[in-house]
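Note that the structure is a prediction, hence the values are computed from the model and not measured. Residue numbers begin at 1 in each chain, while the letters A, B, ... track the order of the sequences. We use all heavy atoms of the structure for the numbers below, so side chains are in, but hydrogens, waters and symmetry mates are not.
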There are 2 protein chains.
Amino acid sequence: MIDGFDAKLLAALQRDNQQTGAQLAEKVGLSSAACLRRAQRLREEGVIVADVSVVAPEKVGRGLTMIVLVEMERDQAELLESFKARMRAAPEVMQCWYVTGRADFVLTLTMRDMADYQAFTTRHFADPNVRGYETLVSMDAVKRTGATPVSID
Amino acid sequence: MIDGFDAKLLAALQRDNQQTGAQLAEKVGLSSAACLRRAQRLREEGVIVADVSVVAPEKVGRGLTMIVLVEMERDQAELLESFKARMRAAPEVMQCWYVTGRADFVLTLTMRDMADYQAFTTRHFADPNVRGYETLVSMDAVKRTGATPVSID
DNA sequence: GTTGAAAGGTTATTACG
DNA sequence: CGTAATAACCTTTCAAC
């Protein structure tokens, strides 16, 4: 379903999806047309789920990134779903993972400053279903590519 | 430096950066040429740092995502840098944050299975500088857009 | 300095072998 | 799949704001 050419193509597109067909052709080892046909097919198949520009938060006044571990009071399906919906709707939430382990949710937040974070916590964590939360402030975004390695099966 | 048009443009491009100039024009309220000129300027200025395709990990045999909190033995600059370099080089590491708080690093990993994770931990956490680590296994990627909200200053 | 419209050059898409 | 023709698009120019 995914061969070596697709693997190379996906690696290239995860680094830069604005390359021309000719540029992709060099890296993949196929013609321009073949590369673009494959890219289109990978999008239709849902292997590529999105194509996005990545914005530098600090360039738009969001110099503060934090990871927050949230623990819920009790794991009731309904309450979990409403919390998930709120996280999806909140623009400051870059990522939200529902996890097993000591925490129930792991959030990645992008904030203007600490006052912003203060406001966020009172607005979203005042919820009686939130037992508690722990904040980890980012000092360095060591790696934020989010790329998935693709190996031929 | 960034006006309302840029804000709209960045919002559109963070959702889909493969839209044509005409499609962007509709959403932003400027001509096609103006939108593409601005997009190019935002890239030169470093506001847009990358343009990438997003791959669905489960479609390429990576159904297991985990968040790992890593605590280092002692915060010695040299040792931290070598750990950072290793995380940057490891393909399974989608993200790596250096943080304050209970942990020193927060990693997001994409794995094929638990055996894969086992191998990863012994390879990277056997380091005598790693005091310990805690694993949170993802059950649901509630939100993974990673988009930065842009508001006019 | 930035815009919109049109010209010109480049790129993606499609048909065919 | 690759080649080549077609269609769509981006880029640049230029006059006007």
* Short N-O contact, B:Glu134 and B:Arg102, less than 4.0 angstrom -> yes
* To do: Mind checking A:Arg38 for me? I need base, sugar-phosphate or nothing, with any heavy atom below 4.0 Å counting as a touch.
  => sugar-phosphate
* Taking CD from A:Gln23 and C1' from C:dA12, how many angstroms apart are they, rounded to a whole number? -> 14 Å
Can you give the donor-acceptor pairs under 3.5 Å from side chains of residues 105-115 of chain B to other protein atoms, not counting sequence neighbours?
from	atom 1	to	atom 2	distance (Å)
B:Arg112	NH1	A:Ser151	OG	3.0
B:Asp113	OD1	B:Ala115	N	3.1
B:Asp113	OD1	B:Asp116	N	2.8

* Between C:dT3 atom C1' and B:Leu24 atom CG, what is the distance in whole Å? -> 17 Å
* To do: May I ask you to decide whether A:Arg123 forms a salt bridge with A:Glu92, counting only side-chain N to carboxylate O separations under 4.0 Å?
  => yes
* Asked: Got a salt bridge between A:Lys84 and A:Glu81, using NZ or NE/NH1/NH2 to carboxylate O under 4.0 Å?
  -> yes
* **hydrophobic_cluster_shared for B:Tyr98 and A:Ile67, side chain cutoff 4.5 Å** => no
* How long is the line joining CG of B:Leu30 and C1' of D:dC17, in whole Å? -> 14 Å
* To do: Send over the distance from B:Asp6 CG to C:dT3 C1', rounded to a whole Å.
  => 14 Å
Identify all pairs in which a protein N or O lies below 3.5 Å from an N or O of nucleotides 6-12 of chain D, and state each distance.
from	atom 1	to	atom 2	distance (Å)
D:dC10	OP2	B:Gly21	N	3.0

* To do: Could you check how far CZ of A:Phe5 sits from C1' of D:dG2, rounded to whole Å?
  => 13 Å
